[in-house]
Amino acid sequence: SSSYKSEVEPPLVREGIRPYFQLLITGEDVQHFKPSPEPYLLAAKRLGAKRPLVIEDSDAGVASGLAAGFEVLRVSSVDKVGREVRERVGLG
């Protein structure tokens, strides 16, 4: 996220899903925000990901993922993320 950790982490903790995230890349971690590819390139490097799937809901995020050279799934809305990801990976 281009937002800061203080904005990103509390909702994840509150909803009980923070343990499912191995890594958070936020505004403090990069010099250039989306649409720069820097956030996605840094995340992939830290995770050792070779072919990540970027899941995005914004134009800047889609541009960032594509500029990083990754496959991008543009989701239509937050409430449809689960269904759209399952469909994309062949589980829905």
Side-chain angles (χ1 to χ4, degrees):
S1 174
S2 291
S3 298
Y4 291 100
K5 187 175 182 177
S6 62
E7 299 170 275
V8 173
E9 195 162 35
L12 299 175
V13 171
R14 188 173 46 252
E15 295 302 319
I17 60 173
R18 178 60 180 97
Y20 296 100
F21 291 84
Q22 180 180 350
L23 172 72
L24 292 178
I25 299 295
T26 62
E28 293 97 340
D29 298 306
V30 296
Q31 291 183 344
H32 303 97
F33 296 159
K34 301 172 191 171
S36 164
E38 185 181 356
Y40 282 115
L41 292 172
L42 178 60
K45 179 180 178 182
R46 289 190 181 171
L47 290 169
K50 303 292 184 225
R51 292 181 19 153
L53 172 61
V54 170
I55 300 169
E56 266 295 346
D57 66 345
S58 72
D59 292 339
V62 169
S64 177
L66 291 173
F70 302 144
E71 188 175 353
V72 176
L73 169 60
R74 172 86 186 236
V75 293
S76 58
S77 65
V78 173
D79 61 321
K80 295 180 182 175
V81 170
R83 180 180 56 80
E84 292 176 353
V85 171
R86 284 190 300 274
E87 288 173 358
R88 177 63 167 262
V89 298
L91 299 175

Would you mind writing out the side-chain donor-acceptor pairs for residues 51-60 within the sub-3.5 Å range, not counting sequence neighbours?
unit_1: Glu56; atom_1: OE1; unit_2: Ser58; atom_2: OG; d: 3.3
unit_1: Glu56; atom_1: OE2; unit_2: Lys34; atom_2: NZ; d: 2.7
unit_1: Glu56; atom_1: OE2; unit_2: Tyr40; atom_2: OH; d: 2.6
unit_1: Ser58; atom_1: OG; unit_2: Gly61; atom_2: N; d: 3.0
unit_1: Asp59; atom_1: OD1; unit_2: Arg74; atom_2: NH1; d: 2.7
unit_1: Asp59; atom_1: OD1; unit_2: Arg74; atom_2: NH2; d: 3.3

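- Among all heavy-atom pairs drawn from Pro37 and Ala68, the shortest one is CB-N, 3.5 Å.
- For Glu28, the CD atom sits in a packed shell: over 12 heavy atoms of surrounding residues, nucleotides or ligands are nearer than 6.0 Å.
- With sequence neighbours excluded, the residues forming a side chain to side chain donor-acceptor pair (under 3.5 Å) with Ser76 are Glu84, listed by chain and number.
- At a threshold of 4.5 Å between side-chain heavy atoms, the hydrophobic network of Ile, Leu, Val, Met, Phe, Trp and Tyr places Leu47 and Phe21 in two separate groups.
- Listed by chain and number, the residues in a side chain to side chain donor-acceptor pair (under 3.5 Å) with Glu15 amount to none (sequence neighbours excluded).
- Applying the side chain to side chain donor-acceptor pair (under 3.5 Å) rule to Glu71 yields the partners Arg88; only residues at least two apart in sequence or on another chain are considered.
- When hydrophobic clusters are built by joining Ile, Leu, Val, Met, Phe, Trp and Tyr residues whose side-chain heavy atoms come closer than 4.5 Å, directly or via intermediates, Ile17 is grouped together with Leu24.
- Cluster membership check: Leu41 shares its hydrophobic cluster with Val72, using side-chain heavy-atom separations under 4.5 Å among Ile, Leu, Val, Met, Phe, Trp and Tyr.
- Remark: Phe33 engages Ser2, Tyr4, Val30 in a side chain to side chain contact (heavy atoms under 4.5 Å, CB included) (not counting sequence neighbours).
- In the hydrophobic clustering of ILVMFWY residues, with side-chain heavy atoms under 4.5 Å counting as a link, Leu73 and Val62 come out apart.
- What you find for Ile25 and Ala43 is that their closest heavy atoms are CG1-CB, 3.7 Å.
- Put simply, NZ on Lys45 and CG on Leu23 are 12.5 Å apart, with the number rounded to the nearest 0.5 Å.
- A search for salt bridge (Lys or Arg N to Asp or Glu O under 4.0 Å) contacts involving Glu9 returns Lys5, Arg18, not counting sequence neighbours.
- Applying the side chain to side chain donor-acceptor pair (under 3.5 Å) rule to Arg46 yields no partners; only residues at least two apart in sequence or on another chain are considered.
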